[in-house]
Amino acid sequence: MESFPKIISVDDHTVEPPNVWRDRLPSKYHDIGPRIVRAPIKEMTFVGGKFAPRMGDVGGEGPIADWWVYEDLSRPLTRLDTAVGYSRDDIKLEGITYDQMRPGSYSVPDRLADMDINHVQSALCFPTFPRFCGQTFTEAKDRELGLLGVRAYNDWMVEEWCGEQAQGRLIPLALIPLWDAELAAAEVRRNADRGVRAVCFSEIPPHLGLPSIHTDYWDPFLRACDETGTVVAMHIGSSSKMPSTSADAPPAVGSTITFANCCFSMVDWLMSGKFDRFPRLKIMYAEGQIGWIPYILERANVVWEENRAWGGVADKVLRPPAELFAEHVYGCFFDDAFGLRNLDAIGVGNVLYETDYPHSDSTWPKSREVGESQMGHLAPDVVERIVRGNAIELLGLTAEGLWEAGTATRPGS
């Protein structure tokens, strides 16, 4: 391509610095709130889609890692959390320390420098320690501390990660207290007032022991998103249950079918009636890729046409699912040549680009080259929309693709 647009990545990740919660929680929580402990790894497995680490005694023998410790939880930083800069064959399931990761994982100036290397202008970043929709705080015993933890993360995200030194190039993504839909709605509105236009949510809440979107439990939260123009962002794995086929399946099986949860989730939303009840609501699927979408839309339309009377949706899904998708749903990809060849069946306006920095799947530092290779058959205006235009509109960014605190426009306004 003669000129490839500057990328706005809608799925990158931040590895939270060690002091995020220590600096923001009351002192009485310093010994039980999230904190970093350097200790050996006693055991660590990832089989059948389940990650199971065990921390050794501080000062003991074994490979050393930095661990996030919170109440009874111990979770090590791993090479899979931050793999950029390493050869694919050197990326293994192993614990690491902050000293062993690329500084752009947790440092804003270094992140901006790595974005420059990768032709990226702006980036929306999902969490690491809280997990992709804040499950860590949802599972905690102390709800008061959990709520403080969610708010502390959001304050850090807005004021520091996306603060002045980010120059508008980092786009805030908030967490919510999933255990209380009213509190979640309040947190959406608190952050919307300072310009935040995206919030993490679970692709399949029942996997977390929470009500499904077919109930009215989430309505206060969804109403807040609808009224403030806040996008519901769902990352693969945000149900804490990655797809797999058996308890002994190697990680490669799950890695091949990571899109499956997004597929199931999207059908849930299309058949839930929520888009008719909340007409301004927008949802997006981070790292779900897009090649699977055309068939799902075709099948959902057939089911709606032929089976809605007995299928339990005739009174709440008032239009064909493909129409609802076109108005409300966004698929996100970083490497999907097949999906781009079938873009007409998805919709140019429903696709967003990402780089997944600093994860093992990331296309960094060659996201531009991957995009040029896979989008070479598309018209320049289509490439512009996919790589940045759709994200600008969806996330209420400035015309230049930047985020401004307290001034982000509501999508569609």
Side-chain angles (χ1 to χ4, degrees), residues 10-11 13-14 16 20-21 24-25 33-34 70 124-159 161-162 171-213 215-240 261 265 268-269 272 274 277-278 280-286 394-396 408 410-411:
V10 297
D11 171 31
H13 299 264
T14 177
E16 300 81 16
V20 168
W21 287 275
R24 289 166 182 78
L25 292 177
Y70 171 40
L124 182 79
C125 297
F126 283 83
T128 297
F129 167 69
R131 313 219 297 282
F132 295 147
C133 67
Q135 302 102 298
T136 297
F137 295 110
T138 302
E139 295 166 357
K141 300 172 185 174
D142 188 330
R143 291 295 195 212
E144 180 183 357
L145 175 56
L147 181 58
L148 290 173
V150 167
R151 289 175 175 169
Y153 177 87
N154 291 339
D155 291 344
W156 169 80
M157 168 64 64
V158 173
E159 297 164 7
W161 185 252
C162 301
I171 307 161
L173 176 62
L175 298 178
I176 57 169
L178 290 163
W179 60 89
D180 188 313
E182 294 286 356
L183 288 176
E187 190 63 11
V188 167
R189 297 183 192 281
R190 182 176 83 94
N191 289 293
D193 285 344
R194 47 186 178 174
V196 179
R197 289 292 176 264
V199 63
C200 299
F201 191 64
S202 174
E203 60 207 349
I204 307 176
H207 286 342
L208 303 179
L210 297 168
S212 80
I213 61 163
T215 69
D216 60 4
Y217 172 85
W218 297 106
D219 285 5
F221 162 67
L222 297 179
R223 186 173 298 108
C225 292
D226 179 78
E227 292 174 357
T228 61
T230 299
V231 180
V232 177
M234 293 169 283
H235 194 286
I236 59 167
S238 56
S239 59
S240 295
N261 281 353
S265 174
D268 250 355
W269 281 90
S272 70
K274 298 302 183 186
R277 294 192 59 197
F278 303 106
R280 287 167 49 89
L281 190 64
K282 308 286 186 183
I283 69 174
M284 58 172 269
Y285 288 101
L394 179 65
L395 298 171
R410 294 184 180 184

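Positions are given from 1, in the same order as the sequence printed here.
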Evaluation steps, side-chain contact (heavy atoms from CB on, under 4.5 Å), between C225 and F278: CA-CA 9 Å; C225 292; F278 303 106; over 6 Å; no
Check this for me, if you would: do R189 and E227 make a salt bridge, where the nitrogen-to-carboxylate-oxygen distance has to be below 4.0 angstrom? yes
Going from CG on D11 to CZ on F126, what distance comes out if it is rounded to the nearest 0.5 angstrom? 5.5 Å
Nearest-0.5 Å distance that lies between atom CG in L175 and atom SG in C200: 5.0 Å
Audit row: V188, I176, side-chain contact (heavy atoms from CB on, under 4.5 Å) steps and yes/no: CA-CA 7 Å; V188 167; I176 57 169; 4.0 Å; yes
Nearest atoms (heavy-atom pairs only) where L178 meets C133: CD1-O, 3.4 Å
Report yes or no: does W161 contribute a side-chain atom to a donor-acceptor pair with the main-chain N or O of T14 at less than 3.5 Å? no
E159 with R24: basic N within carboxylate O range, under 4.0 Å: no
Kindly give the heavy-atom pair with the smallest separation between R143 and T138, and that separation in Å. NH1-O, 2.6 Å
Flag the pair Y285 / H235 as yes when their ring centroid distance falls below 6.0 Å, and as no otherwise. no
Smallest separation among heavy atoms of K274 and T215, with atom names: NZ-O, 2.8 Å
Does the gap between the ring centers of F201 and W218 come in under 6.0 Å? yes
Nearest non-hydrogen partners of E16 and T128, listed with the distance: OE2-N, 2.8 Å
Donor-acceptor contact present, side-chain E187 to main-chain A185, <3.5 Å: no
Run the numbers on V196 and V158 for side-chain contact (heavy atoms from CB on, under 4.5 Å), then give the verdict. CA-CA 8 Å; V196 179; V158 173; 3.6 Å; yes
Side-chain touch L147/W179, heavy atoms, less than 4.5 angstrom: yes
Please give me the minimum heavy-atom distance between P127 and P130, naming the atom from each residue. CB-CD, 3.7 Å
Using the benzene-type ring in the case of Trp, are the ring centres of Y153 and F129 under 6.0 Å apart? no
Could you go through the side-chain contact (heavy atoms from CB on, under 4.5 Å) check for I204 and M234 one step at a time? CA-CA 9 Å; I204 307 176; M234 293 169 283; over 6 Å; no
Less than 4.5 Å apart, any side-chain heavy atom of L281 and any of V232? yes
Heavy-atom closest contact (S238 atom, S202 atom, distance): O-OG, 2.8 Å
Worked verdict on R197 versus T230 for side-chain hydrogen bond (donor to acceptor under 3.5 Å, both in side chains): CA-CA 4 Å; R197 289 292 176 264; T230 299; 4.8 Å; no
Nearest 0.5 angstrom please: L25 CG to L145 CG, how far? 6.0 Å
Is the side chain of N261 donor-acceptor paired with the backbone N or O of I236 at a distance under 3.5 Å, no angle test? no
When you check the gap from the basic side-chain N to the acidic O, do D219 and R277 get nearer than 4.0 Å? yes
Out of curiosity, R223 CZ to T228 OG1, how far, rounded to the nearest 0.5 Å? 12.5 Å
For D226, is there an ion pair with K282 - N to carboxylate O distance below 4.0 angstrom? no
Approximate separation, where rounding is to 0.5 Å, of I283 CD1 and S265 OG: 6.0 Å
Find the distance between CZ (F221) and CG (D180) and round it off to the nearest 0.5 Å. 12.5 Å
